[in-house]
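Letters A, B, ... mirror the listed sequences (proteins, then strands); counts begin at 1. All values reported here derive from a predicted model rather than from experimental measurement.
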Amino acid sequence: MATYAFVLLAVLAIATALGIVLNKNTVNSVLLLVLNLLSVAGLYLLLQAQFLAIIQVVIYAGAIMVLFLFVIMLLNVDDEESLFDKFRIRYLLAFLLVVVVFGQILYSLGGVAEMLPEISPEMAQVGTVEAVSEVMYTNYLIPFEMTAILLTAAVVGALLIAQFKIKKDEEDE
Amino acid sequence: MVEIDWYLALSAILFTIGALGVLIRRNAVVVLMCIELMLNAVNISLVSFASYHGDITGQILVFFSLSVAAAEAVVGLAIIIAIFRNNLSVDITRINLLRW
């Protein structure tokens with residue numbers, strides 16, 4: 001059962017990822033990315049990380065993707081011209097580079113499965129909200145608080161960068 | 001349970017597709033989306049390692065990487081909006097002010 005679910009979710013994730021890269025319409029790309037993130041959330045469920053699956057759906061597929069859609073709506077981006085009509089050498093180089101990266105990743109992950117410890121089913125920790133929060137609010141409390149600072153800094157920085165009349169203020173001074 | 005190799009292979013494939021998108025796409029918003037795709041691929045391998053080690057700490061690292069991804073998306077989109085205002089384009093081949 002778990003194998004079938006994994007195959008289904010993996011095929012969905014790869015197909016939507018290819019769709020994001022090859023689609024000309026930006027809005028379609030965003031919607032495919034939402035589907036991709038949902039299938040990754042399903043994979044988290046298969047890996048017994050319930051809390052992360054929920055977070056993935058709420059934050060990624062919910063909040064971040066809505067932000068992307070809003071920005072695309074704001075920018076009114078045209079469709080790109082066909083992807084593969086010119087710059088053939090550039091695409092060839094990109095493809096070669098990507099093949100090298102893929103080979104490197106596979107090489108570095110090759111012998112990793114033998115290094116894993118043998119775990120019995122009782123030892124396996126399920127990533128429920130309770131289990132995650134117990135570790136996060138004790139051992140990792142300070143990094144968690146730093147996350148709040150990071151997010152605040154990101155929001156303030158984004159407001160400052162995307163502000164409308166920065167130039168005018170400089171002229172006034 | 002599925003072997004961990006399959007999760008790692010899926011993660012590698014998704015990362016590679018994301019890298020391909022970053023290299024060949026010219027729309028800055030799509031490039032940012034492909035970066036999100038790559039971050040997600042790494043998260044899959046982190047969660048699978050955490051699950052197969054029977055240790056929950058890896059999932060906490062994924063939580064932090066998720067919040068960094070959110071911050072990165074917000075700032076990146078703000079930069080894209082600022083560039084669009086000055087340049088009237090999000091085509092990254094036309095943003096070449098610092099190119100020699």
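- Top candidate by heavy-atom pairs under 4.5 Å with chain B, chosen from A:Met65, A:Glu134, A:Met1, A:Met136, is A:Met136.
- The contact between B:Phe63 and chain A is made by backbone and side chain atoms together, counting heavy-atom distances below 4.5 Å.
- The choice from B:Val75, B:Leu20, B:Asn40, B:Leu8 that makes the most heavy-atom pairs within less than 4.5 Å of chain A is B:Asn40.
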Take A:Gln56 and B:Asn43, measure what side-chain hydrogen bond (donor to acceptor under 3.5 Å, both in side chains) needs, and give me the verdict at the end. CA-CA 11 Å; A:Gln56 176 93 358; B:Asn43 283 350; 5.3 Å; no

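- For B:Glu36, the parts lying under 4.5 angstrom from a heavy atom of chain A are both the backbone and the side chain.
- Both the backbone and the side chain of A:Val135 have a heavy atom closer than 4.5 Å to some heavy atom of chain B.
- More than 12 heavy atoms of other shown residues, nucleotides or ligands fall within 6.0 angstrom of atom CG in A:Leu106.
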Apply ring-ring contact (aromatic ring centres under 6.0 Å, His included) to the pair B:Tyr7 and A:Phe6, showing each step before the final yes or no. CA-CA 9 Å; B:Tyr7 286 104; A:Phe6 174 78; 4.7 Å; yes

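- In this structure, the portions of B:Val68 lying under 4.5 Å from any heavy atom of chain A include both its backbone and its side chain.
- Closest of all the heavy-atom pairs between B:Cys34 and B:Val22 is CB-CG2, 3.8 Å.
- Only the side chain of B:Ile4 comes within contact range of chain A, with heavy atoms under 4.5 Å apart.
- When A:Ala63, A:Ala13, A:Pro143 are compared by the number of non-hydrogen pairs under 4.5 Å with chain B, A:Pro143 comes out ahead.
- Per-residue counts of heavy-atom pairs under 4.5 Å with chain B were compared for A:Leu67, A:Ile55, A:Leu151, A:Val101; the largest is that of A:Leu67.
- Using a 4.5 Å heavy-atom cutoff, the side chains of A:Leu32 and A:Asn23 are in contact.
- Contacts of A:Val30 with chain B are made by both backbone and side-chain atoms, with heavy-atom separations under 4.5 Å.
- Only the side chain of A:Leu37 comes within less than 4.5 Å of a heavy atom in chain B; its backbone stays farther off.
- Taking chain B as the reference chain and counting heavy-atom pairs below 4.5 Å, the highest number among A:Val155, A:Leu33, A:Ile59 is found for A:Leu33.
- Contact annotation for A:Ile14: both backbone and side-chain heavy atoms come within less than 4.5 Å of a heavy atom of chain B.
- Heavy-atom distances place the side chain of B:Phe15, and not its backbone, under 4.5 Å from chain A.
- No path of Ile, Leu, Val, Met, Phe, Trp and Tyr side chains, each step under 4.5 Å between heavy atoms, connects A:Leu159 with B:Ile79, placing them in separate hydrophobic clusters.
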May I have the step-by-step check of side chain to side chain contact (heavy atoms under 4.5 Å, CB included) for B:Ile83 and B:Val90, ending in yes or no? CA-CA 7 Å; B:Ile83 289 174; B:Val90 290; over 6 Å; no

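- At a 4.5 Å heavy-atom cutoff, the contact between A:Leu18 and chain B is made by backbone and side-chain atoms alike.
- Not less than 6.0 angstrom separates the ring centroid of A:Tyr44 from the ring centroid of A:Phe51.
- A:Leu69 pairs with exactly one of A:Leu74, A:Thr26, A:Val27 by the side-chain contact (heavy atoms from CB on, under 4.5 Å) rule, that one being A:Val27.
- The part of B:Leu10 that comes within reach of chain A is its side chain, from C-beta onward, which places non-hydrogen atoms under 4.5 angstrom from that chain.
- Heavy atoms of B:Ser45 lying under 4.5 Å from chain A are absent altogether.
- If you measure heavy-atom distances from B:Ile56 to chain A, the contacts under 4.5 Å come from both the backbone and the side chain.
- For chain A, no part of B:Leu61 is nearby; none of its heavy atoms comes within less than 4.5 Å.
- Using a 4.5 Å cut-off between heavy atoms, A:Ser29 contacts chain B through both its backbone and its side chain.
- The most heavy-atom pairs under 4.5 Å with chain B, out of A:Leu150, A:Asn139, A:Leu93, come from A:Leu150.
- Residue contact with chain B, scored on non-hydrogen atoms closer than 4.5 Å, involves the backbone and the side chain of A:Phe102 alike.
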